[in-house]
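Nothing here was measured: the structure is a model prediction, and the numbers come from that model.
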Amino acid sequence: MASLVLFEHENFGGNSITIENDTSNLSDLGWNDKTSSVKIMSGEWQLWSNADFNGVALQLTPGDYPKLTEIDGRFNDVISSVKAFVG
Ligand SMILES: [Ca+2]
């Protein structure tokens, strides 16, 4: 099963939430526009800036990403939906 953990602050700080299913609107979990760092536990994931898998996306493989803005400067507190990528 694919899973990832979203963190409120950089370097895996603040609150966190583990997600194992495609989530089209993180608002449903009280987690819209909050994520600043991510751990991809398994699978590949697309992290979208808007709900319903719209906007701009980051696609990440398993690993630790302590500062999303180092990957893409637009990605501080913008993630609104996440989807496991099936290649
Ligand atoms: Ca957003």
Mind checking whether [X] and [Y] have side chains closer than 4.5 Å, heavy atoms only?
X: Ser42; Y: Ser3; answer: yes
X: Phe53; Y: Val82; answer: no
X: Thr69; Y: Glu10; answer: yes
X: Leu68; Y: Asn76; answer: no
X: Gln59; Y: Trp45; answer: no
X: Leu6; Y: Ile19; answer: yes
X: Ile71; Y: Tyr65; answer: yes

Give a yes or no answer on whether the side chain of [X] reaches the backbone of [Y] with a donor-acceptor pair at less than 3.5 Å.
X: Ser81; Y: Ile79; answer: no
X: Asn11; Y: Gly13; answer: no
X: Ser37; Y: His9; answer: yes
X: Glu8; Y: Gly14; answer: no

Kindly indicate, with the supporting measurements, whether the criterion side chain to side chain contact (heavy atoms under 4.5 Å, CB included) is fulfilled by Leu60 and Leu47. CA-CA 8 Å; Leu60 301 177; Leu47 285 53; 4.0 Å; yes
Show, in sequence, the C-alpha distance, side-chain angles and deciding distance for Phe75 and Val56, and conclude whether the side chain to side chain contact (heavy atoms under 4.5 Å, CB included) test is met. CA-CA 9 Å; Phe75 271 80; Val56 292; 3.8 Å; yes
For side chain to side chain contact (heavy atoms under 4.5 Å, CB included), just list the numbers for Val38 and Phe12, CA-CA rounded to whole Å, side-chain angles, deciding distance to a tenth of an Å, and then say yes or no. CA-CA 7 Å; Val38 173; Phe12 318 116; 6.0 Å; no
Please name the residue in the list Asp33, Asn25, Asn50 that meets the side chain to side chain donor-acceptor pair (under 3.5 Å) test with Ser80. Asp33
State the CG-NZ distance between Asn21 and Lys83, to the nearest 0.5 angstrom.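 Atom-to-atom, Asn21:CG and Lys83:NZ are 11.5 Å apart.
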To the nearest 0.5 Å, what is the distance between CZ (Phe7) and NZ (Lys34)? 13.5 Å
Residues Met41, Leu4; criterion side chain to side chain contact (heavy atoms under 4.5 Å, CB included); working and verdict: CA-CA 5 Å; Met41 309 308 290; Leu4 82 170; 5.6 Å; no
Taking a hydrophobic cluster as the set of Ile, Leu, Val, Met, Phe, Trp and Tyr residues connected by side-chain heavy atoms closer than 4.5 Å, whether directly or through intermediates, do Leu29 and Ile40 fall within one such cluster?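 Same hydrophobic cluster.
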Any side-chain donor paired with an acceptor under 3.5 Å for Asp77 and Ser36?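 There is such a pair between these side chains.
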Would you check if there is a donor-acceptor pair between the side chains of Ser27 and Trp31 at a distance under 3.5 Å?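 On atom types as modelled, these side chains do not qualify, holding no pair under 3.5 Å.
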